[in-house]
Amino acid sequence: MATRESNERTGGTGRRALLGAAVLGASGTALGLSGTARAADARRGGGRGLKSLPVPTIVGHRGASGYRPEHTLGAYQLALDMGADIVEAGDLVPTRDGHIVCRHEPEIGGTTDVADHPEFAGRRTTKTLDGAAVTGWFTEDFTLAELKRLRAVERIPANRPHNTLYDGRWEIPTFEEVLRWQDEQTRKRGKQVWIYPETKHPTYFRDLGLGLEERVAKLLRKYGKDGRNAPVILQSFEPTSIQRFSRLVDNPLVVLLSSANSRPWDLVEAGDPRTVADLITPEGLKEIASYAQGIGPTLDLVIPRDASGRLTEPTGLVRDAHRAGLILHPYTLRNENPFLPAEFRKGTDPDAYGDVFGAYRAYFATGIDGVFTDHPDTGLLAREDFVNA
């Protein structure tokens, strides 16, 4: 998630203990038939939907991407083992032959080993993506069979050198594989597993004849996950993508929101002058609520930072969104120093953890309904500390 995000070590004994407990808990519930039956009911849309999620909800951002290369089955699996309430599986982009795969961006030079494949050297090119020149290799220039020859690598090795240990271990998953994985994990764990996919650059792909929404909706219908209470939340930075989904499926829908002065690309293409600042006014939020159930704002829209990177006073966004009947799942709270507000950093080591629990407390105190995090284990610990305080 979060193409335009502004807030982009090894765990201690407590973190390892939590992970171990999560793994044991998952295996211990594998035979819970009543839980499996409840999960099957939710899959068909007969559950409680969003109301069944805890508050604040912990969303594993692209999986447990603080610990594994993002958008891999390994990252998704670890997020579940750590106890994440939802796994963001995944950012959805198309292949040349119309399949949907999970990658942070259509440009895959930074998230795969494509540069090490001499047979694909001629595919490197420069394209204009949402008004910006981007050079690299793009999923829409590859068939699914070709992409399956690649392996995932860590996207930000300078911040997460330990993740490079897992480079080359996993292939690029398709969205259909993720839907099957979701069902498999739901059966094994005896409780419903939730996912939170995002359409990436939908206007760009529609102009190429590779519309995302119809393809995604077709797969959701195929697997019986297109209902109002289905355990699949759909999100996009482009409001018209979410509006299109509202006419295709009944899933919970969320509009993602970048910085206040930015403009969603679909609005730019349509000549609509509105910025995100216009979308988060009470009137703008009321309009979003006419076709969506929530918003995913960048954390800076909830609590701005000053010039030194320190938190200031919360805005009225949480209050206004709730008045419009919308939930808020902001992005992205990460443990590493460079991504935390200045007052919560410890030292200058870019891969060292700061006072992430202090940051969680500050954001949770605003009343947000959940948060995207690359480190689901600390998110869960912070939630328990916050709600039991």
Side-chain angles (χ1 to χ4, degrees), residues 1-8 61-63 65 68-75 88-161 163-164 166-175 197-212 215 236-238 241 256 258 262 264-266 268-269 331-332 338-339 374:
M1 163 171 158
T3 303
R4 311 159 187 76
E5 340 187 301
S6 56
N7 53 334
E8 274 251 322
H61 184 232
R62 307 173 195 158
S65 51
R68 299 290 187 272
E70 63 194 30
H71 285 315
T72 59
L73 290 181
E88 191 197 23
D91 290 338
L92 305 181
V93 293
T95 67
R96 188 174 69 196
D97 47 351
H99 294 277
I100 302 296
V101 297
C102 302
R103 286 291 85 195
H104 170 49
E105 286 288 322
E107 198 290 302
I108 55 174
T111 61
T112 74
D113 62 357
V114 64
D116 297 330
H117 287 254
E119 70 273 28
F120 296 138
R123 306 280 179 93
R124 190 171 188 269
T125 186
T126 298
K127 299 191 178 189
T128 301
L129 186 64
D130 291 4
V134 179
T135 299
W137 291 263
F138 296 79
T139 59
E140 68 268 23
D141 295 332
F142 291 77
T143 65
L144 178 59
E146 289 173 329
L147 287 178
K148 285 295 187 179
R149 290 154 60 182
L150 307 180
R151 291 297 179 267
V153 300
E154 172 56 37
R155 183 175 61 88
I156 46 174
N159 298 111
R160 293 168 180 170
N163 281 13
T164 62
Y166 301 95
D167 284 357
R169 184 168 298 194
W170 293 286
E171 62 182 27
I172 297 174
T174 67
F175 185 49
E198 175 193 346
T199 54
K200 303 293 291 196
H201 307 287
T203 296
Y204 168 79
F205 284 119
R206 185 164 295 279
D207 290 343
L208 295 178
L210 291 168
L212 288 168
R215 288 174 168 83
S236 181
F237 277 102
E238 297 189 12
S241 181
L256 299 172
S258 190
S262 67
W265 187 251
D266 55 335
V268 173
E269 285 277 290
Y331 66 90
T332 304
F339 306 125
D374 289 6

Atom pair OG (Ser241) and CH2 (Trp265), whose distance is rounded to the nearest 0.5 Å
16.0 Å
If you measure from the Lys or Arg side-chain nitrogens to the Asp or Glu carboxylate oxygens, is any gap between Glu171 and Lys148 under 4.0 Å?
yes
From CA spacing to verdict: side chain to side chain contact (heavy atoms under 4.5 Å, CB included), Thr126, Val134:
CA-CA 5 Å; Thr126 298; Val134 179; over 6 Å; no
Trace of the side chain to side chain contact (heavy atoms under 4.5 Å, CB included) decision for Ile172 with Leu147
CA-CA 7 Å; Ile172 297 174; Leu147 287 178; 4.3 Å; yes
Would Glu238 and Thr199 count as having a side-chain donor-acceptor pair, cut-off 3.5 Å?
no
Pro106 side chain reached by Phe205 side chain, heavy atoms, under 4.5 Å
yes
Would you check if there is a donor-acceptor pair between the side chains of Tyr204 and Glu140 at a distance under 3.5 Å?
yes
Look up atom OG1 in Thr203 and atom CG in Asp266, then write down how far apart they are to the nearest 0.5 Å.
4.5 Å
Under the salt bridge (Lys or Arg N to Asp or Glu O under 4.0 Å) test, which residues partner Arg149, sequence neighbours left out?
Glu119
Would Thr111 and Arg103 count as a side-chain hydrogen bond (donor to acceptor under 3.5 Å, both in side chains) here? Give the steps.
CA-CA 8 Å; Thr111 61; Arg103 286 291 85 195; 3.3 Å; yes
Set of residues satisfying side chain to side chain contact (heavy atoms under 4.5 Å, CB included) with respect to Val114, sequence neighbours excluded:
Ile108, Thr112, Phe120, Trp137, Phe142, Leu150
Any side-chain heavy atom of Ser262 sitting closer than 4.5 Å to one from Phe237?
no
Taking the side chain as every heavy atom from C-beta outward, state whether Asp167 and Asp113 have any atom pair closer than 4.5 Å.
no
For Gly110 versus Glu107, what's the shortest heavy-atom pair and its separation?
N-OE1, 3.9 Å
Within this structure, what is the NE2-CG distance for the pair His201 and Leu210, rounded to the nearest 0.5 Å?
14.0 Å
Just wondering, do Val93 and Ile100 contact through their side chains at under 4.5 Å, heavy atoms?
no
Do you know which two heavy atoms are closest between Ala89 and Pro197, and how far apart they sit?
O-CB, 3.8 Å
Can you list the steps and then say if His99 with Asp97 is a side chain to side chain contact (heavy atoms under 4.5 Å, CB included)?
CA-CA 6 Å; His99 294 277; Asp97 47 351; 3.6 Å; yes
Would you check if Ser65 and Arg160 make a side-chain contact, meaning some heavy-atom pair closer than 4.5 Å?
yes
Apply the side chain to side chain donor-acceptor pair (under 3.5 Å) test between Arg62 and each candidate in Glu88, Glu198, His104; give the one that qualifies.
His104
Any heavy-atom pair between the side chains of Tyr166 and Pro69 that's under 4.5 Å?
yes
Does some side-chain heavy atom of Glu105 sit less than 4.5 Å from a side-chain heavy atom of Asp91?
no
Worked verdict on Cys102 versus Leu92 for side chain to side chain contact (heavy atoms under 4.5 Å, CB included):
CA-CA 5 Å; Cys102 302; Leu92 305 181; 4.0 Å; yes
From CZ (Phe138) to CZ (Arg96), nearest 0.5 Å:
15.0 Å
What closest approach, in Å, do Glu70 and Arg155 show between heavy atoms, and which atom pair accounts for it?
OE2-NE, 2.9 Å
Where is the tightest heavy-atom contact between Thr164 and Pro161, given as atom of each residue plus distance?
OG1-O, 2.5 Å
Which atom names give the shortest non-hydrogen contact between Gly211 and Arg215, and what distance separates them?
O-NH1, 2.8 Å
Looking at Arg123 and Glu146, does any basic side-chain N land under 4.0 Å from a carboxylate oxygen?
yes
Are Asp141 and Lys127 close enough, and set up right, to give a salt bridge (Lys or Arg N to Asp or Glu O under 4.0 Å), and what steps lead you there?
CA-CA 11 Å; Asp141 295 332; Lys127 299 191 178 189; 3.0 Å; yes
